[in-house]
Trainee: 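Have a look at this one before I ask anything.
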Amino acid sequence: MAKTNKMGDFAKTISKESVLKSPVQENIKGVVKPVEKTFLLSLQEHKLTALKQKALDQKTTVRSLINSAIDEKFFD
């Protein structure tokens, strides 16, 4: 019976897989989309409800509101 090296076999399967791509801006149909990372944010329920209502009133998304607030506060 042949001995199996599970870690060695695992390493071989990883190296056979496609070459890793580094995160780069995506160019889809001439539009360059910036690299984004997911970030979990916990908010109090009443604040989230207010943000959702404000987003509806401004015909935008909560995500867009949060990003614009961050840009305004820290990057402008």
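These numbers were taken from a predicted model, which means no experiment stands behind them.
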Trainee: Compare all side-chain heavy atoms of Ile66 with those of Leu41 and state whether any distance is below 4.5 angstrom.
Mentor: yes
Trainee: What's the spacing between His46 NE2 and Leu51 CG if we round to 0.5 Å?
Mentor: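 Going from NE2 on His46 over to CG on Leu51, the span is 10.0 Å.
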Trainee: For Ala55 and Thr61, which heavy atoms make the closest approach, and how far apart are they?
Mentor: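 Taking every non-hydrogen atom into account, CB-C, 3.8 Å.
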Trainee: Looking at Glu45, Gln53, Lys47, which one forms a side-chain contact (heavy atoms from CB on, under 4.5 Å) with Thr49?
Mentor: Glu45
Trainee: Checking Glu36 now: which residues fulfil salt bridge (Lys or Arg N to Asp or Glu O under 4.0 Å) with it, not counting sequence neighbours?
Mentor: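 Glu36 satisfies salt bridge (Lys or Arg N to Asp or Glu O under 4.0 Å) with Arg63 once adjacent residues are dropped.
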Trainee: Would you say Phe39 and Phe75 are hydrophobically clustered, going by side-chain heavy atoms of ILVMFWY under 4.5 Å?
Mentor: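 Shared cluster, yes.
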Trainee: Which atom names give the shortest non-hydrogen contact between Leu48 and Leu43, and what distance separates them?
Mentor: CD1-CD1, 4.1 Å
Trainee: NZ of Lys59 to OG of Ser64: how many Å apart, nearest 0.5 Å?
Mentor: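 Taking NZ in Lys59 and OG in Ser64, the distance rounds to 15.0 Å.
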